[in-house]
Amino acid sequence: MLPKGSPRSLHQAHAAGADILPIASPLEALQIAQASPHREVVFFAAGFETTIAPVASLLVEGIPENLSILLSGRLTWPAVSLLLSGEAPGFNALVAPGHVATVMGPEEWSFIVEQHHIPAAVAGFTTESLLAATYSVIRQYLDNRLFLDNCYPELVRPGGNPSARAHLNQALNVVDANWRGIGIIPNSGYALNRDYVHSDARKRFPDYDVPERMRAGMMPPGCDCSEVVLGRKYPNQCRLYGEACTPRSPIGPCMVSDEGACRIWWSGGIRNRKMSLPD
Ligand code: SF4
């Protein structure tokens, strides 16, 4: 059991005196480790394929002895596959993430059409691309002519980014992974492979990799984030939405990040539990 009062978040650890710095790129972790060769530096790398590819490149290119990686990398398509394999998903079309497709290639999303017979289009973070993808999936649905449309061709190329994929394959293994509030999804996470085990923070500091810490990071009581991210509930169907949970005092992860569903609804002007989207 974790001792009473132990920090349960990076924020709490920082407040308790731990030396924790937010960084914007893996290169900054490298620079910090190189600048302090006598200190152990742990780089907590969390994210999806797009974020993890540069971490893999860093490992392949070589990192100093005093730098280790605490990896929490996830693949996006297995979570979508889980969603589509369960009960009726509650939507008729899917817009796939263009930033992931720039790395992994658009082909990774063809299972949506081929196995689940749902219109799909890859879109990037531009108004034009999002509108094109929305138009494409509606047109596919109405015409009953399904295919995976690449609406972000400026950056998404067949096969993705070969060099990024090579580095991912060289440094990391794909493993079963726990998704907070959802559980284990097979083949949905990244772990350092045995050639890089000396740089794995979980191996270097095994005392910290205990189940109690994982339990401490579980979804807060009353938070419906897992239902929200799986599309089974709208954010304001959570009984904490706009009451106990707001951007100023977030309870769950969906209200913390700008990309979280609850935060997006809040920013879009839906401020209470009674408001609903038009049918
Ligand atoms: S982030 Fe807040 S509003 Fe969203 S599901 Fe969790 S508790 Fe509810």
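Hydrogens, waters and symmetry mates are skipped; everything else that's a heavy atom, side chains included, is used.
Following chains of ILVMFWY side-chain contacts shorter than 4.5 Å, one cannot reach Val228 starting from Leu82, and the two form parts of different hydrophobic clusters. Leu192 and Val175 are not part of a single hydrophobic cluster, where members link through side-chain heavy atoms under 4.5 Å apart. In the hydrophobic clustering of this structure, Met255 groups with Ile270; members are Ile, Leu, Val, Met, Phe, Trp, Tyr whose side-chain heavy atoms approach within less than 4.5 Å, directly or through other members. A single hydrophobic cluster is not seen to contain both Ile264 and Val256; linkage of ILVMFWY side chains at heavy-atom distances under 4.5 Å, directly or through other members, places them apart. Under the 4.5 Å side-chain heavy-atom criterion for Ile, Leu, Val, Met, Phe, Trp and Tyr, Leu10 and Tyr208 are members of the same hydrophobic cluster.
Within the structure, the salt bridge (Lys or Arg N to Asp or Glu O under 4.0 Å) test picks out no pair touching residues 238-252 (sequence neighbours left out). Evaluation of the salt bridge (Lys or Arg N to Asp or Glu O under 4.0 Å) test over residues 138-152, restricted to residues two or more places apart or in two chains, returns Arg139-Asp143. Residue pairs meeting the salt bridge (Lys or Arg N to Asp or Glu O under 4.0 Å) criterion with at least one member in residues 16-33, sequence neighbours excluded, are Asp19-Arg39. Identified under the ring-ring contact (aromatic ring centres under 6.0 Å, His included) test for residues 149-179, with sequence neighbours left out: none. Applying the ring-ring contact (aromatic ring centres under 6.0 Å, His included) test to pairs two or more places apart or on separate chains, those with a residue in residues 52-92 are Trp77-Phe111.
Put simply, the side chain of Ser249 never gets that close to the backbone of Cys245: no donor and acceptor are under 3.5 Å apart. Arg180 places no side-chain N or O within donor-acceptor distance of the main-chain N or O of Met219, the cut-off being under 3.5 Å. Not one N or O on the side chain of Gln170 forms a donor-acceptor pair closer than 3.5 Å with the backbone of Val60. Using modelled atom types, no side-chain atom of Thr246 and backbone atom of Gly242 make a donor-acceptor pair closer than 3.5 Å. Between the side chain of Arg157 and the backbone N or O of Glu154, at least one donor-acceptor pair lies under 3.5 Å. Looking only at distances, no side-chain donor or acceptor of Asn161 sits under 3.5 Å from a matching main-chain atom of Met104. For Ser257 (side chain) and Glu259 (main-chain N/O), a donor-acceptor pair under 3.5 Å exists by modelled atom type.
A donor atom on one side chain and an acceptor atom on the other are not found under 3.5 Å apart for Glu61 and Ser57. For the residue pair Ser68 / Glu40, no side-chain donor-acceptor distance below 3.5 Å is found, with atom types taken as modelled.
Side chains of Thr126 and Leu130 form no contact here, defined as non-hydrogen atoms less than 4.5 Å apart. Side-chain contact between Val55 and Leu172: absent, with no pair of heavy atoms (C-beta onward) separated by less than 4.5 Å. Counting heavy atoms from C-beta on, the side chains of Thr76 and Trp109 come closer than 4.5 Å. Taking 4.5 Å as the limit, every side-chain heavy atom of Ile118 sits out of range of all side-chain heavy atoms of Leu146. Put simply, the side chain of Cys151 does not reach to within 4.5 Å of the side chain of Tyr135, judged on heavy atoms. Under the 4.5 Å side-chain criterion, counting only non-hydrogen atoms from C-beta, Glu49 is in contact with Leu75. Residues Tyr234 and Tyr241 are not in side-chain contact: their nearest non-hydrogen atoms beyond the backbone lie 4.5 Å or more apart. At a threshold of 4.5 Å between non-hydrogen side-chain atoms, the residues Val174 and Leu168 do not count as touching.
Note that CG of Leu30 is 9.0 Å distant from OG of Ser25, once rounded to the nearest 0.5 Å. Distance CG/Leu58 to CD1/Ile69: 5.5 Å, rounded to 0.5 Å. Note that CG of Asp195 and CG of Leu59 are 11.0 Å apart. Values are rounded to the nearest 0.5 Å. Here the straight-line distance linking atom CD1 of Ile182 with atom CG of Leu83 works out to 9.0 Å at 0.5 Å rounding. If you take OG on Ser72 and CZ on Phe48, they are separated by 9.0 Å, rounding to the nearest 0.5 Å. The distance from atom SG of Cys262 to atom CG of Asn236, rounded to the nearest 0.5 Å, is 9.0 Å.
Of all heavy-atom pairs spanning Arg165 and Gly159, the tightest one is NH1-O, 3.1 Å. Nearest heavy atom pair, residue Ala120 against residue Val113, reads CB-CG2, 3.9 Å. Contact between Pro54 and Thr51 at its shortest, heavy atoms only, is CD-O, 3.1 Å. For Ala33 against Val41, the heavy-atom pair with the smallest separation is CA-CG2, 3.9 Å. Minimum heavy-atom separation, Val103 to Ala53: CG1-CB, 4.3 Å.
Heavy-atom contacts from other residues, nucleotides or ligands closer than 6.0 Å to OH of Tyr141 number 12 or fewer.
Not a single salt bridge (Lys or Arg N to Asp or Glu O under 4.0 Å) links Arg74 to another residue, sequence neighbours left out. The side chain to side chain contact (heavy atoms under 4.5 Å, CB included) check on Leu70 picks up Val42, Phe44, Ala201, Arg202, with sequence neighbours excluded. When the side chain to side chain contact (heavy atoms under 4.5 Å, CB included) test is applied to Pro106, the partners found at least two apart in sequence or on another chain are Val122, Leu148, Val156. For Phe125, the ring pair (Phe, Tyr, Trp, His ring centres under 6.0 Å) criterion is met by His99, not counting sequence neighbours. Every side chain to side chain donor-acceptor pair (under 3.5 Å) that Asp224 has, sequence neighbours left out, goes to Lys233. Taking the side chain to side chain contact (heavy atoms under 4.5 Å, CB included) definition, one finds that Asp176 meets it with Ile184, Pro186, Asn187, sequence neighbours left out.
Taken together, Cys254 and Cys223 fail the criterion of an SG-SG distance shorter than 2.5 Å.
Note: Tyr196 and His198 have parallel aromatic rings, judged against thresholds of 30 and 60 degrees for the angle between ring planes.
In the hydrophobic clustering, where aliphatic and aromatic side chains (Ile, Leu, Val, Met, Phe, Trp, Tyr) are joined below 4.5 Å either directly or transitively, Ile251 groups with Leu240.
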